[in-house]
Q: 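Please read through the structure below; I'll follow up with questions.
Bear in mind that the values here come from a model prediction, so they are computed numbers and not experimental data.
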Amino acid sequence: MIAKATEEEIQEIRTKSADALFEGTTHQFQPPTERVNELIDNALQKGCYYLVSRQENKLAGWVFVGPSADFFSKAEIGFIYELYILPEYRGQGLAKPLMQKAIDELSIKGYPEIRLSVHAGNFAQHVYRELGFVDKQISMSLQVVKRP
């Protein structure tokens, strides 16, 4: 079952969000709890919300959705900020229905475009592509070596 998260579920998500971000960034960023809560609070204040998948009345995964704006044009778009399936529920086909529900909700709200960001190497990329997402922008990084 997929539904909007209850306050209790949001609190449970908060306890698991640091791990979700660590995995989502392909183990490149281990955020402190304070930073995770700051990110969540900022997003909730601007109208974002969680959709959760429940299996036998237990939280199995979530998708975090809401408004955003195109960097260049400032046009309002829908954004999928996070998708996470708890390890014990992986491989059960829960990610795609969660994503589809997010797409449906953002479409109904009238957003002309839905975007998401994903780290290179993140295993969820295949789910996003299966749902029709395509590369729009590539973010590149260069590690700078400090010189004495």
Side-chain angles (χ1 to χ4, degrees), residues 1-71 75-143:
M1 180 174 102
I2 298 173
K4 201 167 183 180
T6 64
E7 280 301 317
E8 184 177 287
E9 287 167 331
I10 292 171
Q11 294 312 313
E12 185 177 353
I13 289 168
R14 284 179 184 273
T15 68
K16 300 174 184 326
S17 285
D19 290 337
L21 280 170
F22 186 58
E23 282 187 43
T25 61
T26 60
H27 303 114
Q28 295 177 39
F29 176 59
Q30 181 70 61
T33 302
E34 302 79 34
R35 179 64 179 142
V36 170
N37 284 322
E38 179 184 329
L39 291 168
I40 292 169
D41 290 340
N42 287 341
L44 290 172
Q45 287 172 9
K46 71 177 193 177
C48 295
Y49 60 95
Y50 289 99
L51 294 170
V52 297
S53 176
R54 300 180 188 112
Q55 299 295 310
E56 298 164 4
N57 290 321
K58 291 184 182 175
L59 179 68
W62 65 82
V63 63
F64 198 29
V65 303
S68 188
D70 180 84
F71 179 78
E76 191 172 48
I77 59 171
F79 206 87
I80 297 173
Y81 290 90
E82 183 177 50
L83 168 68
Y84 189 70
I85 305 298
L86 293 164
E88 59 268 32
Y89 294 100
R90 292 180 186 163
Q92 298 179 25
L94 302 179
K96 203 181 258 189
L98 263 172
M99 285 294 295
Q100 191 59 61
K101 179 72 170 168
I103 291 166
D104 292 346
E105 290 219 1
L106 293 169
S107 296
I108 289 168
K109 291 182 185 297
Y111 294 110
E113 183 178 0
I114 299 168
R115 294 186 194 167
L116 56 80
S117 293
V118 61
H119 269 69
N122 185 309
F123 57 87
Q125 286 184 58
H126 78 278
V127 172
Y128 304 146
R129 285 193 172 87
E130 285 176 12
L131 290 165
F133 285 87
V134 296
D135 294 348
K136 179 161 183 148
Q137 177 179 335
I138 296 174
S139 177
M140 300 174 80
S141 176
L142 171 68
Q143 296 294 324

Q: If you define the side chain from C-beta out and look only at heavy atoms, does anything of Tyr81 sit under 4.5 Å from Ile40?
A: no

Q: Run Val65 and Tyr49 through side chain to side chain contact (heavy atoms under 4.5 Å, CB included) and show every step you take.
A: CA-CA 6 Å; Val65 303; Tyr49 60 95; 3.6 Å; yes

Q: Ile2 versus Val63: any side-chain heavy-atom pair under 4.5 Å?
A: no

Q: Distance from Ile10 atom CD1 to Thr15 atom OG1, nearest 0.5 Å?
A: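 Here the rounded value is 12.5 Å.
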
Q: In chain order, what residues pass the salt bridge (charged side-chain N to carboxylate O under 4.0 Å, His left out) check against Asp41, with sequence neighbours excluded?
A: Arg14

Q: How close do Cys48 and Gly66 get, heavy atom to heavy atom, and via which atoms?
A: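 So the minimum-distance heavy-atom pair works out to SG-CA, 3.8 Å.
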
Q: Using the salt bridge (charged side-chain N to carboxylate O under 4.0 Å, His left out) rule, collect all pairs that involve residues 44-68, keeping only residues at least two apart or in two chains.
A: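 Listed by first then second residue: Glu9-Arg54.
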
Q: Roughly how far, to the nearest 0.5 Å, is CG of Leu83 from CG of Leu51?
A: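 Leu51 CG to Leu83 CG: 11.0 Å, rounded to 0.5 Å.
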
Q: Test of understanding: with salt bridge (charged side-chain N to carboxylate O under 4.0 Å, His left out), list the residues that count as partners of Glu82, not counting sequence neighbours.
A: none

Q: Should Val52 and Thr6 be marked as a side chain to side chain contact (heavy atoms under 4.5 Å, CB included) after you check the CA-CA gap, both sets of side-chain angles, and the distance that decides it?
A: CA-CA 9 Å; Val52 297; Thr6 64; over 6 Å; no

Q: Shortest non-hydrogen contact from Leu106 to Tyr111?
A: O-CD1, 3.2 Å

Q: Quick check for you: to the nearest 0.5 Å, what is the distance between Met99 atom CE and Asp104 atom CG?
A: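 With rounding to 0.5 Å, CE (Met99) is 11.0 Å from CG (Asp104).
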
Q: To check you understand the geometry: which heavy-atom pair defines the closest contact between Ala102 and Ile80, and what is its length?
A: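 Looks like CB-CD1, 4.1 Å.
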
Q: To the nearest 0.5 angstrom, please state how far the CG atom of Leu39 sits from the CZ atom of Phe64.
A: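 CZ of Phe64 is found 9.0 Å from CG of Leu39.
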
Q: Just list the side-chain donor-acceptor pairs under 3.5 Å for residues 132-141, sequence neighbours left out, or say none.
A:
unit_1	atom_1	unit_2	atom_2	d
Asp135	OD1	Arg129	NH2	3.0
Lys136	NZ	Glu113	OE2	3.0

Q: Of all residues at least two apart in sequence or in a different chain, which pass the salt bridge (charged side-chain N to carboxylate O under 4.0 Å, His left out) check with Asp70?
A: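 By the salt bridge (charged side-chain N to carboxylate O under 4.0 Å, His left out) rule, Asp70 matches Arg115.
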
Q: Looking only at heavy atoms, what is the nearest atom pair of Ala60 and Gln55, with distance?
A: CB-CG, 3.6 Å

Q: What pair of heavy atoms forms the shortest contact from Ile77 to Ala69, and how long is it?
A: CG1-N, 4.1 Å

Q: Salt-bridge test for Glu105 and Lys101: reply yes if a basic N is under 4.0 Å from a carboxylate O, no otherwise.
A: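 A salt bridge is present here (some side-chain N lies under 4.0 Å from a carboxylate O).
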
Q: Just checking Glu8: does its CD atom have more than 12 heavy atoms from other residues, nucleotides or ligands closer to it than 6.0 angstrom?
A: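 No, not enclosed.
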
Q: Identify every side-chain donor-acceptor pair in residues 86-97 under 3.5 Å, counting partners at least two apart or on other chains, and give the distances.
A:
unit_1	atom_1	unit_2	atom_2	d
Arg90	NE	Ile85	O	2.8
Arg90	NH1	Glu23	OE1	3.1
Arg90	NH2	Glu23	OE1	2.7
Arg90	NH2	Glu23	OE2	3.3
Arg90	NH2	Tyr84	OH	3.3
Arg90	NH2	Ile85	O	3.0
Lys96	NZ	Glu130	OE1	2.6

